[in-house]
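Notes follow once the structure below has been shown.
For the single chain, residues carry numbers from 1 onward in sequence order.
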Amino acid sequence: MTVKGRSDGKEDSLRMANEIVKIANDKLATGMHPLDIASAICHAGANFTAFAYAQGTDDALDIASVMEEFQQRLEYYDKHHREK
């Protein structure tokens, strides 16, 4: 996402992502289906992304940029997990 005002706190972003993955793993341990967990995370991501654009910038929601970034990360992690 290329948005004015967005920090370059990639380490902070990755740290928070890992915290969210830990929550997902905890839910997995309770028996929740992994695709249900993924759906919940996507739902939360969409909700908070829309909130961030509405509250954090005067710019319109840049759906193409958001989707491109998500697709790149999804493809990267798919390859990562399948190679294990």
Side-chain angles (χ1 to χ4, degrees):
M1 225 177 317
T2 55
V3 177
K4 293 182 294 192
R6 181 176 173 179
S7 73
D8 289 328
K10 291 181 182 179
E11 289 180 24
D12 289 339
S13 178
L14 186 56
R15 189 175 306 113
M16 185 171 178
N18 287 333
E19 291 172 10
I20 294 167
V21 169
K22 183 187 178 319
I23 293 168
N25 286 333
D26 291 346
K27 290 294 183 185
L28 192 62
T30 70
M32 190 171 182
H33 194 280
L35 291 177
D36 291 336
I37 297 166
S39 178
I41 292 170
C42 282
H43 182 89
N47 184 347
F48 201 84
T49 299
F51 168 81
Y53 268 89
Q55 301 299 315
T57 179
D58 290 331
D59 296 340
L61 178 62
D62 185 356
I63 293 173
S65 177
V66 171
M67 296 302 293
E68 180 181 354
E69 182 177 10
F70 182 82
Q71 181 177 353
Q72 289 171 354
R73 290 179 177 168
L74 180 62
E75 289 171 348
Y76 169 83
Y77 284 114
D78 179 59
K79 183 178 177 186
H80 171 77
H81 289 292
R82 291 180 186 276
E83 289 177 346
K84 286 186 174 183

Reported [atom1]-to-[atom2] distance for the pair [X] and [Y], which is rounded to 0.5 angstrom:
X: Lys22; Y: Asp26; atom1: NZ; atom2: CG; result: 4.0 Å
X: Gln71; Y: Asp78; atom1: CD; atom2: CG; result: 11.5 Å
X: Glu19; Y: Leu14; atom1: CD; atom2: CG; result: 10.5 Å
X: Thr49; Y: Asp62; atom1: OG1; atom2: CG; result: 11.5 Å
X: Asn18; Y: Ser13; atom1: CG; atom2: OG; result: 9.5 Å

Is it the case that over 12 heavy atoms from other parts of the model lie below 6.0 angstrom from the CE atom of Met16?
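Counting other residues, nucleotides and ligands, CE of Met16 stays at 12 neighbours or fewer.
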Using a cut-off of 6.0 Å, state whether more than 12 heavy atoms not belonging to Ile63 lie near its atom CD1.
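Atom CD1 in Ile63 is not packed in, count stays at 12 or less.
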Might you point out which heavy atoms bring Met32 and Leu28 nearest each other, and give the distance in Å?
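Reported closest heavy-atom pair: O-CD1, 3.6 Å.
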How close do Leu35 and His33 get, counting heavy atoms only, and between which atoms?
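Taking Leu35 first and His33 second, the nearest heavy atoms are N-ND1, 3.0 Å.
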[X] and [Y]: same hydrophobic cluster, using ILVMFWY side-chain contacts below 4.5 Å?
X: Phe70; Y: Ile20; value: no
X: Leu61; Y: Phe51; value: no
X: Ile23; Y: Ile41; value: no

Hey, what's the ring geometry for His80 with Tyr77, parallel, tilted or perpendicular (30° and 60° as the breaks)?
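The arrangement is perpendicular - the two ring planes meet at more than 60°.
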Any carboxylate oxygen within less than 4.0 angstrom of a Lys/Arg side-chain nitrogen, looking at Glu69 and Arg73?
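Salt bridge: yes.
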